[in-house]
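Taking it in order: structure first as structure tokens, then the write-up.
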Amino acid sequence: MSSEVNDRIAEDTRPSGEGGDRAQYGVCAFLALLGTAVIVDAFGIPHITSGTDPVGPRAVPVLLGVLLVVVAVLYAVDVARGGRGEPEAGEDVDLTQGSDWRTVLMLIGAFVVNAVLIERLGWVISGTLLFWGTAFALGNRHYVRNLLIAVTLSLVTFYAFAIGLGVNLPAGVLQGIL
């Protein structure tokens, strides 16, 4: 019974015109161009092999480029046969409302402040401002709790990059302390 209902819904959501949606063909073309660009760029990498790396550095980019082109072709065939994605059912957004530019501008401000201050103050302080400012921009008004979480996130990411990845983030004014 449920299968019949799903089949009927699928038939009702198919586009009425033959050939599918032109916007989806744009996505196919983008994927094909991206795959082609990756392949062309990969052939610019010198083919150097060694005893420990018999494949060389070209193999992965070429493989990814070929996979992108294959996905583009398969997607185009699916669109031509009338396939289309399901509408988002889980999103709770009223599309009739305009953008919340105040929130967007506050988020941009938090990122700009981080970018400007990261070298001077260091990651821990600028990251704290970034995390706290993002929480504030998104409407969370638990200022002290957010500050504690932001400091914790900044310290954890600072040490995760330094110890785990071997990447030193700027320490800034906390140079001798961290």
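Side chains included, hydrogens not; waters and symmetry mates left out as well; all remaining heavy atoms used.
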If you apply the rule side chain to side chain contact (heavy atoms under 4.5 Å, CB included), what do you find for Thr128 with Leu155, and how did you get there?
CA-CA 9 Å; Thr128 298; Leu155 285 169; over 6 Å; no
What closest approach, in Å, do [X] and [Y] show between heavy atoms, and which atom pair accounts for it?
X	Y	answer
Phe158	Leu169	CE1-O, 3.4 Å
Phe136	Met106	CE2-SD, 3.9 Å
Ala171	Leu178	CB-CD1, 4.5 Å
Ile118	Pro170	O-CB, 3.7 Å
Tyr75	Cys28	CD2-SG, 3.3 Å
Pro57	Ile48	CD-O, 3.4 Å

Connected via hydrophobic side-chain network under 4.5 Å: [X] and [Y]:
X	Y	result
Val60	Val55	no
Leu68	Val27	yes
Ile163	Ile177	yes
Val73	Leu34	no
Tyr159	Val167	yes

Inspect the surroundings of CZ in Arg102 and state if more than 12 heavy atoms from other residues, nucleotides or ligands are less than 6.0 Å away.
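Not buried by this count: 12 neighbours or fewer within 6.0 Å.
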Spacing of [X] atom [atom1] and [Y] atom [atom2] [to the nearest 0.5 Å]:
X	Y	atom1	atom2	answer
Trp101	Ile108	CH2	CD1	7.5 Å
Thr134	Asn140	OG1	CG	11.5 Å
Leu64	Ile39	CG	CD1	10.0 Å
Ser126	Arg120	OG	CZ	11.0 Å
Thr36	Leu31	OG1	CG	10.5 Å
Leu130	Leu107	CG	CG	9.5 Å

Ignoring hydrogens and geometry, is there a side-chain-to-backbone donor-acceptor pair from [X] to [Y] under 3.5 Å?
X	Y	result
Asn114	Ala110	no
Arg58	Pro46	no
Trp132	Tyr143	yes

Ring geometry between Trp123 and Phe131 (parallel below 30°, tilted from 30 to 60°, perpendicular above 60°):
perpendicular
Within the 4.5 Å heavy-atom criterion, are Leu174 and Ile125 side-chain neighbours or not?
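Yes; the side chains approach each other to less than 4.5 Å.
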Within the structure provided, determine whether Val104 and Ser99 are in side-chain contact (heavy-atom separation under 4.5 Å).
no
Assess the residue pair Asp78 and Gln24 against the criterion (side chain to side chain contact (heavy atoms under 4.5 Å, CB included)); give the C-alpha distance rounded to whole Å, side-chain angles, the decisive distance to 0.1 Å, and a yes or no.
CA-CA 10 Å; Asp78 181 55; Gln24 300 305 315; over 6 Å; no
